[in-house]
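In what follows, a single structure is set out as structure tokens and then discussed.
Both ligands and their constituent atoms are indexed starting at 1 by order of listing.
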Amino acid sequence: MAQFTKLIKRIGVYTSGGDAPGMNACVRAVVRTARARGIEVWGIEKGYTGLIENLMRPLEARDMANIIQRGGTILKTGRSTDFLKIENRKKSVENLNLNQIDGLVCIGGDGSFRGAMALWNEFQIPIVGTPGTIDNDLFGTDLTIGFDTAVNTALDAIDKIRDTADSHDRLFIVEVMGRNSGHIAAYVGLACGAEEVFTPEINTTVEKAVEKILQAQKKGKRSSIVIAAEGQKPGRAYDLAEAIRKKTGLDAKVCILGHIQRGGSPTATDRIIASRMGSAALDHLLAGSCDHMVGIDKNEIVQVPFEIATQREKKSSIDFVKLSNLLAI
Ligand code: ADP
């Protein structure tokens, strides 16, 4: 963890990358902890775009009223290719200096943390991150803000799909989010009692899945739910359905849950971790510690250097998939 000696009087907070339920609860915790400690806070809009374009404004404790239960982010978020250029990062730092912002809290995923690392390494802007992403793919934290809500949203939808699957004796392939990691698929698969789970980390073949579905039918199962992580190519559930149809003649229905998994009111778990992490991020800055992500490990707040959080691979949820398979007997 990096240390710095600069006195912090005013901080900036921004949300960046993919939005995640609970980001607002985290912004609230940052702002209110800061105000309680006598520190001024400015909100930066649209992630790195707001840093480059100077979209910043003071925030007060009362501005945080009535947002803890809201999904999305009141600060807006963004993906900025401009920020990948050093001249735009320099411009961002000029804007921070102009507004007398001494340190930053970044709420986002691994891409956002890479941007944060650049600000510290190149310009020594003290910065602490909190993991705001539905993917739960950051190393060093048991949970990321938004993951629990995304899992519960998917689960709620799948419980409804199951009613139809059961009424029509149908096979459904439900595609959930997760480009590079299958944490959502693994958790959802176990929680919904899936027949099979396809994630990027596990080499489940269509042949194996078909074999299992046929076995299940022989055992008297009339309906099945298969969960597929979207992988690099959203819509792969259609490829799976086609492969299953070709091999078995079974008409598998496809449901792609898509962006509904990002929205909605955050669960209690997400509100609680967002509040704890946001408050801790502010206190770490005041203690002169930066260049790290705040994580939660075995229910304790921890500091994980950005480099480790973004570069080390988080343990996959393969155990969940194995258990799911065992219970799908
Ligand atoms: P997430 O934070 O959810 O992973 P992205 O991967 O889209 O989302 O990253 C968010 C933003 O972080 C990018 O649009 C870009 O502005 C910034 N960013 C990502 N990688 C870098 C990098 N290597 N250097 C500087 N900024 C980066």
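The shortest contact between atom 2 (O) of ligand 1 and any protein heavy atom is with S112 OG, 2.5 Å. The protein heavy-atom contact nearest to atom 16 (O) of ligand 1 is S80 O, 2.6 Å. Remark: minimum distance from atom 7 (O) of ligand 1 to any protein heavy atom is reached at R79 NH1, 2.7 Å. Regarding atom 26 (N) of ligand 1, its nearest protein heavy-atom neighbour is G115 CA, 3.3 Å. For atom 27 (C) of ligand 1, the nearest non-hydrogen atom of the protein is L84 CD2, 3.4 Å.
By the 6.0 Å contact criterion, NZ on K90 is open, its count of non-hydrogen atoms from other residues, nucleotides or ligands being 12 or less. Counting heavy atoms of neighbouring residues, nucleotides and ligands inside a 6.0 Å radius, atom CD1 of I329 does not exceed 12 of them.
Ion pair R89/E122 flagged as a salt bridge, since at least one NZ, NE, NH1 or NH2 atom sits closer than 4.0 Å to an Asp/Glu carboxylate oxygen. Under 4.0 Å is where a charged nitrogen must lie from a carboxylate oxygen, and between K208 and E196 no such pair does.
Heavy-atom contacts of S16 reach the following atoms of ligand 1: 10 (C), 11 (C) (cutoff under 4.0 Å). Listed by atom number, the atoms of ligand 1 under 4.0 Å from G109 heavy atoms are 1 (P), 2 (O), 3 (O), 4 (O). Within ligand 1, the atoms closer than 4.0 Å to a non-hydrogen atom of G18 are 3 (O), numbered from 1 in the order shown. Within the listing of ligand 1, atoms 20 (N), 21 (C), 22 (C), 23 (N) sit less than 4.0 angstrom from a heavy atom of R114.
At under 3.5 Å, not a single nitrogen or oxygen of R89, backbone or side chain, sits near a nitrogen or oxygen of ligand 1. Below 3.5 Å of separation, one finds no N or O of A118 facing any N or O of ligand 1. Annotation: Y48 places no N or O atom under 3.5 Å from an N or O atom of ligand 1; distance criterion only. Looking at G111 next to ligand 1, an N or O pair under 3.5 Å apart turns up.
Every residue was checked against the ring pair (Phe, Tyr, Trp, His ring centres under 6.0 Å) condition with H183, not counting sequence neighbours, and none meets it. In this structure, the side chain to side chain contact (heavy atoms under 4.5 Å, CB included) partners of E53, at least two apart in sequence or on a different chain, are T49, L55.
Residues L98 and N54 share a closest heavy-atom pair of CD2-ND2, 3.7 Å.
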